[in-house]
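Every chain is numbered from 1, with letters handed out A, B, ... down the list of sequences.
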Amino acid sequence: MNPLSPKQKIWFIVNMIPEGNVLAYGKVADLAGLPGRARYVSRALQEAPPHLNLAWHRVINSQGKISFKLNTINFQNQQERLRSEGIEVNKGKISLSKFEWKPDMATLVLSLPF
DNA sequence: AAAATGACTGATG
DNA sequence: GCATCAGCCATTT
């Protein structure tokens with residue numbers, strides 16, 4: 001296969017986050033082999049083709065909060081998507097101890113195409 | 001080329 | 001827990 005572009009790597013990682021779990025922008029960047037590029041992850045999510053049906057709502061910031069501002073359409077959309085799969089959200093805050101994805105690194109590494 | 005912009009982060013008070 | 005801040009980095013002005 002052709003080498004995956006940075007955006008494709010990010011999309012691949014996001015696609016692996018299990019239903020009912022969340023992961024921070026910075027963590028997604030780390031797993032994609034792009035440390036220090038948390039902001040780039042948010043950009044990659046915005047630019048993701050709709051047909052990928054990416055679970056972008058499972059990506060939140062390192063403080064365990066939805067990064068959209070309260071009372072925006074995007075905030076409410078993400079909050080509903082999270083709740084619909086059993087994730088508790090209070091005023092934009094998610095408990096990382098309960099819902100953060102902690103992948104088995106050995107298994108994860110072996111399933112990466114890069 | 002320089003400055004501004006963010007779906008970010010970690011440290012600090 | 002919340003607000004600031006400086007540092008960060010690709011992209012756009």
Discussion item. Using a 4.0 Å cut-off on heavy atoms, which residues in residues 75-97 of chain A reach DNA chain C? List them by number, or say none.
Written reply: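 None, since no heavy atom is under 4.0 Å.
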
Practice prompt. Within residues 38-66 of chain A, find the residues that approach DNA chain C with a heavy atom at under 4.0 Å, and present them sorted by residue number.
Written response: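 The stretch gives A:R39, A:Y40, A:R43 as the residues lying under 4.0 Å from the strand, ordered by number.
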
Practice prompt. Could you tell me the separation between the CZ atom of A:R37 and the P atom of B:dA7, rounded to a whole number of Å?
Written response: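 So the two atoms are 19 Å apart, to the nearest Å.
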
Item to complete: Could you state the atom-to-atom distance from CG of A:L70 to C1' of C:dC2 in whole Å?
Response: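 Atom CG in A:L70 sits about 13 Å away from atom C1' in C:dC2.
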
Discussion item. So if I take residues 6-32 of chain A and measure heavy-atom distances to DNA chain B, which residues fall below 4.0 Å?
Written reply: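 The stretch gives A:A24, A:Y25, A:G26 as the residues lying under 4.0 Å from the strand, ordered by number.
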
For [X], side chain to side chain donor-acceptor pair (under 3.5 Å) partners two or more places apart:
X	value
A:S5	A:Q8
A:S42	none
A:S97	A:S95

Practice prompt. Could you pull out all residues at least two apart from A:E88 that satisfy salt bridge (charged side-chain N to carboxylate O under 4.0 Å, His left out)?
Written response: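 Listed in chain order: A:K98.
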
Item to complete: With sequence neighbours excluded, tell me which residues meet salt bridge (charged side-chain N to carboxylate O under 4.0 Å, His left out) with A:K93.
Response: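 A:K93 satisfies salt bridge (charged side-chain N to carboxylate O under 4.0 Å, His left out) with no residue once adjacent residues are dropped.
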
Worksheet item: Pairs in or reaching into residues 73-82 of chain A: which pass side-chain hydrogen bond (donor to acceptor under 3.5 Å, both in side chains), with residues at least two apart or in two chains?
Response: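 Of all non-adjacent pairs touching residues 73-82 of chain A, those that pass side-chain hydrogen bond (donor to acceptor under 3.5 Å, both in side chains) are A:N77-A:R81, A:Q79-A:R83.
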
Discussion item. Give me each pair satisfying side-chain hydrogen bond (donor to acceptor under 3.5 Å, both in side chains) with a member in residues 21-31 of chain A, each pair once, sequence neighbours excluded.
Written reply: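 Non-adjacent pairs meeting side-chain hydrogen bond (donor to acceptor under 3.5 Å, both in side chains): A:K27-A:E100.
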
Worksheet item: Can you name the side chain to side chain contact (heavy atoms under 4.5 Å, CB included) partners of A:E85, sequence neighbours left out?
Response: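 If we apply the side chain to side chain contact (heavy atoms under 4.5 Å, CB included) test to A:E85, skipping adjacent residues, the hits are A:E19, A:H57, A:R58, A:I87.
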
Worksheet item: Do A:W11 side-chain atoms and A:A44 backbone N/O form a donor-acceptor pair below 3.5 Å?
Response: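 The answer is yes, because a donor-acceptor pair under 3.5 Å joins these two groups.
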
Worksheet item: Which residue pairs pass the salt bridge (Lys or Arg N to Asp or Glu O under 4.0 Å) test when at least one of the two sits in residues 33-46 of chain A, sequence neighbours left out?
Response: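 Listed once each, the pairs would be none.
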
